[in-house]
Amino acid sequence: MGLLNRLFSSTESLAQELELDEQLIQKQWKTYLKTVSKKKVIIEQLSLNKDFDINLQKLTRLLTLELVDISQEEKEEAELIDDLEVLEHAQKIKRVQRLEQCLGYAETKYEYTYHLLHQLHLVLKSQMHLVKSLRTSSAAVEKLISHLQSQEQLEREIIRKIERIETFPALFSALARGEQRIRRLDVREKRLLKKMQKGISRVFSNELKKRITSEWAIAIFNAIEDKIREVEAQGKDQQGDFLGMNPDINFEFVNRPEFIELTRETIQTIRKRNCSEQLITVFVQLFREWYNDET
């Protein structure tokens, strides 16, 4: 199993990585970095149809690293293309850039690193699936290569962000070895998340129903706008305001810790009583997942 596969798999498999040697982790990372510039050249050659089979073999070897493994994954070509066409390339780049805006703070360095690595994991898996499809003499060669180019550009953008993190080697080792963990939903929270999904999706598709999750979502949408107006009114001329004045101010707020407290206060006001932290955690995660994908 690849190093990034382990990082983003179950808690149980992550716990097994405590014995991973830190030097080995750093060696695998440095080996991977050497492939980035090489891949760019090879993909350019593929787009020009130069020595296609030879370059495809070279690219396959570069992608066969210790970081990522797709041997247990099966993905049909049509499904792969559909997945990659859900978002425009520019939107994917913007999403990576937003990570830095929302999580690039000293107190969230582990979370920021974790999310960047998660994006890199998805990109590398997509590249491997694309190459696998190209090896099968696909009829959609041009489209697959176009997606491969986009994924390679996205990869380089992620690497640029990672290189700006001065303490990345230590952060990566701590995450890979399980010494520092990003909180994940437990089994009960996942069950609750699944139950809430339908109710909240109705709000987001403008099919409002008289369900408690709909009321919460609407109230929180309004609370976000009120909070942003309040901060803008109080901090127009102040330097270093926690939100700053930028076009993604709403997005940034939703992804900051302050949003959790806003959610807690809003839901408790509607319910007229305290609610469990488990429920708050699930609601915040579900709301953020939708907001980050749709805005």
> What's the spacing between I158 CD1 and L154 CG if we round to 0.5 Å?
Replying inline: 4.5 Å

>> Check for me, please, whether L62 and W29 land in the same ILVMFWY cluster - side-chain distances under 4.5 Å, paths through other members count.
In response: yes

>> Is any side-chain heavy atom of L134 closer than 4.5 Å to one of L59?
In response: no

>> Count I, L, V, M, F, W, Y as connected when their side-chain heavy atoms are under 4.5 Å apart, and connections chain through other members. Are I267 and F221 then in the same cluster?
In response: yes

> Does E163 come within less than 4.0 Å of R160, counting only side-chain N to carboxylate O?
Replying inline: no

> Rounded to the nearest 0.5 Å, how far apart are OG1 of T113 and CG of L117?
Replying inline: 6.5 Å

> Could you state the interatomic distance from CD (E44) to NZ (K40), rounded to the nearest 0.5 Å?
Replying inline: 4.0 Å

> Do L48 and L46 share a hydrophobic cluster, counting only Ile, Leu, Val, Met, Phe, Trp and Tyr and linking them when any side-chain heavy atoms are less than 4.5 Å apart?
Replying inline: no

> Roughly how far, to the nearest 0.5 Å, is CD of Q151 from CG of L124?
Replying inline: 9.0 Å

> Rounded to the nearest 0.5 Å, what separation is found between the CD1 atom of I159 and the OH atom of Y32?
Replying inline: 3.5 Å

>> Side-chain heavy atoms nearer than 4.5 Å, only ILVMFWY residues, links allowed to pass through others: does that put L33 and L120 together?
In response: yes

>> Below 30° counts as parallel, above 60° as perpendicular, anything between as tilted: where do the rings of F168 and F172 land?
In response: parallel

> Taking it one step at a time, do R135 and L56 satisfy side chain to side chain contact (heavy atoms under 4.5 Å, CB included)?
Replying inline: CA-CA 7 Å; R135 289 204 310 265; L56 198 57; 3.8 Å; yes

> Would you say the side-chain atoms of S276 pair up with the backbone N or O of L279, donor to acceptor, closer than 3.5 Å?
Replying inline: yes

> According to a 4.5 Å side-chain heavy-atom criterion applied to Ile, Leu, Val, Met, Phe, Trp and Tyr, with indirect links allowed, do F52 and L148 form part of one hydrophobic cluster?
Replying inline: yes

> Just how far is it from atom CZ of R264 to atom OG1 of T281, taken to the nearest 0.5 Å?
Replying inline: 8.0 Å

> Which heavy-atom pair separates N55 from I42 by the least distance, and what is that distance?
Replying inline: O-CG2, 3.3 Å

>> Among Q127, Q149, Q153, which residue satisfies the side chain to side chain contact (heavy atoms under 4.5 Å, CB included) criterion with I43?
In response: Q149

> Near E225 CD, under 6.0 Å, is it more than 12 heavy atoms from other residues, nucleotides or ligands?
Replying inline: yes

>> Show the nearest heavy-atom pair for residues P257 and R288, with the distance to one decimal.
In response: N-NH2, 4.2 Å

>> If you define the side chain from C-beta out and look only at heavy atoms, does anything of M128 sit under 4.5 Å from K132?
In response: no

>> Any side-chain to backbone donor/acceptor pair from E155 onto V36? Under 3.5 Å, distance only.
In response: no

> Can you name the nearest heavy-atom pair linking T266 to L262, along with the distance?
Replying inline: OG1-O, 2.7 Å

> Side chains of K39 and L63: closer than 4.5 Å at any heavy-atom pair?
Replying inline: yes

>> For H121 and H118, take the angle between the two ring planes, folded into 0 to 90°, and tell me which bin it lands in: parallel under 30, tilted 30 to 60, perpendicular over 60.
In response: tilted

> Knowing that exactly one of F283, F287, F251 qualifies, which makes a ring-ring contact (aromatic ring centres under 6.0 Å, His included) with F259?
Replying inline: F287

